[in-house]
Amino acid sequence: VLLTTFRRDGTPVGTPLSVAVDGDRAYFRTFEKAGKAKRLRNDRRVELTPSTTRGTPSGTGAPLAARARQVEGTEYRHAARLLTRKHPLLHGVVVPLSHRLGRARFGRTLHYELRPAGYDGTAQPTR
């Protein structure tokens, strides 16, 4: 998908990434010092758009407004397992290795949960 985060001045910045979906939630991982992580610390609003692996919108769906939340503890491990199950080679081998090797330069690995904007935890999502 193409994840669009917003700078402090409101300028949108798109980043292609892989997600794992679990019910009404989606998860992704990134480095602590990545631009998207810095933007999410200031503004949790995001947009998700179906895209190609290069980030070109695929035209198969409209952008979805969502909110991002950093997860830790058991949620962190759950997100990591989901990503590994969905993308075994990429998130089971390549990404963990690159994150381990790049930790000194790019910081620790963060996992984020994405939920539709306006989700309050009480209503069941429509499918």
Side-chain angles (χ1 to χ4, degrees):
V1 298
L2 181 67
L3 176 77
T4 302
T5 54
F6 300 92
R7 291 186 177 141
R8 288 179 191 228
D9 66 1
T11 306
V13 179
T15 307
L17 50 79
S18 53
V19 297
V21 178
D22 183 25
D24 61 344
R25 303 169 189 185
Y27 297 94
F28 73 93
R29 70 170 51 131
T30 188
F31 282 113
E32 179 178 36
K33 294 181 183 176
K36 63 184 153 289
K38 291 178 184 180
R39 290 186 295 276
L40 286 171
R41 283 192 281 276
N42 295 317
D43 188 350
R44 294 180 21 202
R45 293 177 306 127
V46 299
E47 284 185 354
L48 297 170
T49 307
S51 74
T52 65
T53 55
R54 291 184 167 205
T56 305
S58 62
T60 59
L64 171 69
R67 303 280 288 173
R69 179 179 70 89
Q70 185 180 337
V71 295
E72 295 181 3
T74 57
E75 288 180 300
Y76 180 99
R77 289 186 294 280
H78 177 68
R81 276 193 305 273
L82 287 172
L83 286 161
T84 300
R85 195 174 313 142
K86 171 103 188 260
H87 309 282
L89 180 61
L90 181 65
H91 283 282
V93 179
V94 176
V95 172
L97 179 62
S98 67
H99 278 239
R100 206 168 300 122
L101 295 173
R103 187 170 292 141
R105 183 172 177 195
F106 300 111
R108 62 190 178 102
T109 301
L110 304 178
H111 286 84
Y112 284 90
E113 172 192 76
L114 301 169
R115 287 214 172 171
Y119 183 85
D120 64 2
T122 58
Q124 292 296 319
T126 57
R127 302 219 191 271

How many angstroms lie between [atom1] in [X] and [atom2] in [Y], if you round to the nearest 0.5 Å?
X     : Y      : atom1 : atom2 : value
Phe28 : Leu110 : CZ    : CG    : 9.0 Å
Leu90 : Thr84  : CG    : OG1   : 9.5 Å
Leu64 : Leu114 : CG    : CG    : 9.0 Å
Asp22 : Lys86  : CG    : NZ    : 11.5 Å
Arg8  : Asn42  : CZ    : CG    : 4.0 Å
Glu75 : Arg25  : CD    : CZ    : 6.5 Å

Minimum-distance pair of heavy atoms, taken over all atoms of [X] and [Y]:
X      : Y      : result
Ala104 : Lys33  : O-NZ, 4.4 Å
Pro63  : Glu47  : CB-OE1, 4.0 Å
Asp24  : Pro116 : O-CD, 3.4 Å

Should the pair Phe31 and Phe106 be assigned to parallel (<30°), tilted (30 to 60°) or perpendicular (>60°) ring geometry?
tilted
Taking side chain as C-beta onward, heavy atoms only, is Thr56 less than 4.5 Å from Ser51?
no
Please tell me if the side chains of Leu82 and His111 come closer than 4.5 Å, counting only heavy atoms from C-beta onward.
no
Does the Glu32 side chain pair with the main chain of Arg108, one donor and one acceptor, at a distance under 3.5 Å?
yes
Is it possible for you to say whether [X] and [Y] belong to one hydrophobic cluster, with membership spreading through side-chain heavy-atom contacts below 4.5 Å?
X     : Y     : value
Val46 : Val19 : yes
Val95 : Leu83 : no
Leu40 : Leu48 : yes

For Tyr112 and Lys36, what are the C-alpha separation, side-chain angles and deciding distance, and is it a side chain to side chain contact (heavy atoms under 4.5 Å, CB included)?
CA-CA 11 Å; Tyr112 284 90; Lys36 63 184 153 289; over 6 Å; no
How about Arg105: does its CZ atom have over 12 heavy atoms from other parts shown lying under 6.0 Å from it?
no
Charged N to carboxylate O under 4.0 angstrom, Arg45 versus Asp43?
yes
Could you go through Thr49 and Val1, starting from their C-alpha distance and side-chain angles, then the distance that decides it, and tell me whether this counts as side chain to side chain contact (heavy atoms under 4.5 Å, CB included)?
CA-CA 6 Å; Thr49 307; Val1 298; over 6 Å; no
Please determine whether side chain to side chain contact (heavy atoms under 4.5 Å, CB included) holds for the pair Thr30 and Leu17, giving the CA-CA distance in whole Å, both sets of side-chain angles, and the decisive distance to 0.1 Å.
CA-CA 9 Å; Thr30 188; Leu17 50 79; over 6 Å; no
